[in-house]
Amino acid sequence: VTLSVGILLLLIGLAALTTGSLLPSKLEDIGEAEFVVLDQRAVEYNGALGISRAVGMVLCAIAGVLLVASVLSSRLGRRNRTGGPGEDGKEEQLSPILPENAPHPWGAVISAPPAPFQVSWVQGVQPKREV
């Protein structure tokens with residue numbers, strides 16, 4: 001869940017950041033030195049672009065934290081399950097029925113070397129072509 005939420009927030013944050021950065025800002029003041037007119041719509045538009053950039057950066061930061069937390073929790077969970085020492089320093093036995101060092105009745109079969117096949121013993125199944 002954390003990974004999917006992190007990726008979703010990252011995509012939304014990248015969209016907001018891209019929108020705020022790529023759209024051009026508008027001129028806020030029009031006129032010459034003595035007579036300057038302030039365009040209120042341009043001020044609001046530029047403010048919205050700034051807010052979009054800020055929201056995009058915040059969402060990307062939150063997504064980065066979530067993705068790192070997801071990866072770390074996955075790694076730590078896998079590490080604890082794969083046989084790291086327990087809290088008291090002793091390794092836990094996974095199966096109470098079969099002890100780890102007990103001889104298995106099929107041990108001779110498993111430890112036997114593989115059958116010695118050679119290339120000359122293998123025959124093709126395709127019919128030979130007569131000329």
Side-chain angles (χ1 to χ4, degrees):
V1 174
T2 309
L3 182 66
S4 59
V5 170
I7 290 174
L8 181 66
L9 286 177
L10 181 67
L11 291 176
I12 293 171
L14 285 176
L17 192 60
T18 303
T19 301
S21 298
L22 291 183
L23 289 178
S25 59
K26 293 183 178 180
L27 293 175
E28 295 178 359
D29 49 352
I30 302 170
E32 295 185 18
E34 296 174 2
F35 182 71
V36 177
V37 176
L38 185 64
D39 187 5
Q40 191 63 32
R41 287 186 180 174
V43 171
E44 291 173 3
Y45 176 81
N46 291 342
L49 288 180
I51 290 173
S52 176
R53 282 190 292 260
V55 166
M57 284 190 275
V58 168
L59 286 176
C60 286
I62 291 171
V65 168
L66 284 175
L67 291 174
V68 167
S70 172
V71 169
L72 286 178
S73 67
S74 172
R75 296 279 183 188
L76 291 176
R78 220 181 282 151
R79 181 174 164 211
N80 287 342
R81 273 188 269 135
T82 57
E87 292 150 358
D88 58 350
K90 297 180 181 178
E91 291 188 20
E92 297 177 6
Q93 182 178 346
L94 296 178
S95 173
I97 298 172
L98 298 174
E100 212 171 290
N101 296 327
H104 296 288
W106 59 83
V109 176
I110 293 175
S111 63
F117 289 114
Q118 294 180 357
V119 177
S120 62
W121 294 351
V122 180
Q123 297 177 0
V125 294
Q126 296 292 325
K128 293 190 177 183
R129 198 173 185 184
E130 294 184 31
V131 181

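The structure presented is a predicted model; accordingly, all values stated were derived computationally and were not measured.
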Nearest non-hydrogen partners of R53 and L17, listed with the distance: O-CD1, 3.5 Å
Under a 4.5 Å side-chain heavy-atom rule over Ile, Leu, Val, Met, Phe, Trp and Tyr, are V43 and L49 clustered together? no
Could you check whether any side-chain N or O of S70 sits under 3.5 Å from a backbone N or O of L66, counting only pairs where one atom can act as donor and the other as acceptor? no
Just wondering, do Y45 and L23 contact through their side chains at under 4.5 Å, heavy atoms? yes
For L72, look at atom CG and say whether over 12 heavy atoms of other residues, nucleotides or ligands are found less than 6.0 Å away. yes
Between S52 and A16, the two heavy atoms sitting closest are OG-O, 2.8 Å
Non-hydrogen atoms of L14 and C60 that approach each other most closely: N-SG, 3.7 Å
Qualifying residue, where the test is side-chain contact (heavy atoms from CB on, under 4.5 Å) with L8 and the options are L10, I12, V5: I12
Donor-acceptor contact below 3.5 Å, side chain S4 vs main chain V1: yes
Working to the nearest 0.5 angstrom, can you tell me the gap between L67 CG and I62 CD1? 12.0 Å
State yes or no: do L11 and L3 share one hydrophobic cluster built from I, L, V, M, F, W and Y residues joined by side-chain heavy-atom distances below 4.5 Å, directly or via other members? yes
